[in-house]
Amino acid sequence: MSNYHIKHLEEYFKVYRKSVREPENFWGEIAEEHFVWRKHWDKVLSWDFKKPEIKWYEGAKLNITENCIDRHLFTNGDKTAILFEPNDPNEAAEHISYKELYQRVNQFANVLKDNGISKGDRVCIYLPMIPELAISLLACARIGAIHSVVFAGFSATALSTRINDSECKMVITSDGSFRGAKTIDLKGIVDEALESTPCVESVLVAKRINSNVNMKEGRDQWLQALLDKASTECAPEIMDAEDPLFILYTSGSTGKPKGMVHTTGGYMVYTAYTFKNVFNYRHNDVYWCTADIGWITGHSYIVYGPLANGATTVMFEGVPNYPDYGRFWEIVEKHKITQFYTAPTAIRALAKENLDHVDRYDLSSLKVIGSVGEPINEEAWHWYNDNVGKKNSPLVDTWWQTETGGIMLSPIPYVTPTIPTYATLPLPGVQPCLMDEKGNEIEGKQVDGRLCIKYPWPSIARTIWGDHQRYKDTYFSAYENLYFTGDGALRDTVGYYRITGRVDDVIIVSGHNLGTAPIEDAINEHPAVAESAIVGFPHDVKGNALYGYVTLKESGEGRDHDNLRKEINQIITEHIGPIAKLDKIQFTSGLPKTRSGKIMRRILRKIACNEIDNLGDISTLLNPEVVEEIINTKK
Ligand code: 7RM
């Protein structure tokens, strides 16, 4: 019996119960039936959250690229593995078959070897969303090198910090990148970063924009010339299941970025299994995740999860508003996309614009639509569900983290009934619980608390590169024997989970615990509001009071702000109660966001509290200029 593809709700509960009662049998069977191993494991799992130490499939040998590429050649060699859609809609899309992917990954792997890279070495990848990006990850994995992808929107300083932290020997980049109407000088950024990275010995440069770049003698080489000379055969390095596959940096609330380390066997099994179930993947589907491979979402659900299932995965180089706000839907129509996976920030940006941008395209190929990265507010949920999903493609709100490696809470489409803003139920193998501040588990229904996980799942990050103590302190010290997510959540009467936001966003007003998400949700229901963010600031009587930052839709511009303030508080009163009314409301042209689209409430909180002297590093924000605007227009 295969537990691999869940088809109805009773089956979900049955499979879920098995995953809790017999986790080792559960994950052992899935791993055995659906993957290629060079050697069987000795033990499915050993773990200790106190140390912490977690090992999955110990003793097993494999190469993840054999699972993502080689084994599909016999049955699906001519099938498109990667479908590349360029920034410019007039440039032809590129269909890379599994056969071609095999050859290109092997050539790239041989180039890495010829340039001194071997098993265990770290390679930094700083590339735009072009095929070479996915291929370079797989080429590293082919030879057992550890990739560390840095999102190609990060600055030279952010790049050099990450290169130095994991002592990368090589950097893979391109001359530049296209983003909408702009081009970006990536090689120039790399040159600047490499002024302070003594560990880097060589740089491979892909050509994308044909700009004139400076090539440093003895360090920099054009990639294509090397690939052309390389053999299309490269035997996979046989890895231990627990050998590191990659490092991916994620910013903590304080201090330097954390290099989360993911290992090979468990990561492969979990991303493949969750991809199949959360996206209801079938053989002829064309799956598109709009994330950048620079984030975990791209690693797990553009590259590894889809390819491990032999899927067709789309890579989009561009942005949602170029050449206009219809681009996403144009691509859905053009490639007959079946699964579409994006972030709430993109949905809200598109929902601000005329509906005609959506309605002029045929979206009937879609059968699952997904959301990830932030709580999806109710209005955005409905807009997405009605106008994109046409109320008949289930919307999967997927909660997970860089640290979890794969999706943890999510509806299974066509199986789990959805409710707006709820990530619903844990996937098989995931054992969530809610904790109070004193360290007691909160049992029962209709309760809220801090979201923790009781038991390991195969793709949990194993450590922070070079700082195991910080790994322990951050995730395993808040509560004994539990993984602490840093998020707050509530559990409703049927056991569904709703993420209420990061716990540091929880605001206690007159003794009431208020999550930011439900309040922002209510505000965003106002027809003139595009987006909002709530923070707390000290109040003599209430302890904390609420401060709201609100951006308006085009239709709301020019409206009387005092009237809007009243209407917003009226909506909050109706949705939550007068306790959640805002003391202050500031209208702004935008909200500060990370490059992956998350609202930076930490900065907004400091501004609300008048602590503008220590805002921390804002240079890695998507839009640092709005911070200044907000400070200047604050009353
Ligand atoms: C995949 C990713 C992780 C943090 C996480 C949450 C927030 C992500 C959702 C969500 C509500 C969701 N990794 N988050 N997904 N909040 N609903 N569906 O985003 O490491 O970059 O961020 O993102 O706070 O802890 S991440």
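Start at 1 and go down the list; that is how both ligands and their atoms are numbered.
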*Is the F154 ring parallel, tilted or perpendicular to the F151 ring (thresholds 30°, 60°)?*
perpendicular
*Can you list every side-chain hydrogen bond (donor to acceptor under 3.5 Å, both in side chains) pair that touches residues 488-497, not counting sequence neighbours?*
R491-Y497
*To the nearest 0.5 Å, how far apart are CD1 in I302 and CE in M315?*
6.5 Å
*So which protein residues pack against ligand 1 under 4.0 Å, heavy atoms counted?*
I296, T297, V372, G373, E374, P375, D397, T398, W399, W400, Q401, T402, D487, I499, R502, K598
*asked:* Check this for me, if you would: do K593 and E374 make a salt bridge, where the nitrogen-to-carboxylate-oxygen distance has to be below 4.0 angstrom?
replied: no
*Partner set under salt bridge (Lys or Arg N to Asp or Glu O under 4.0 Å) for R462, not counting sequence neighbours*: E242
*Kindly write out the residues that satisfy salt bridge (Lys or Arg N to Asp or Glu O under 4.0 Å) with K352, not counting sequence neighbours, or none if the list is empty.*
none
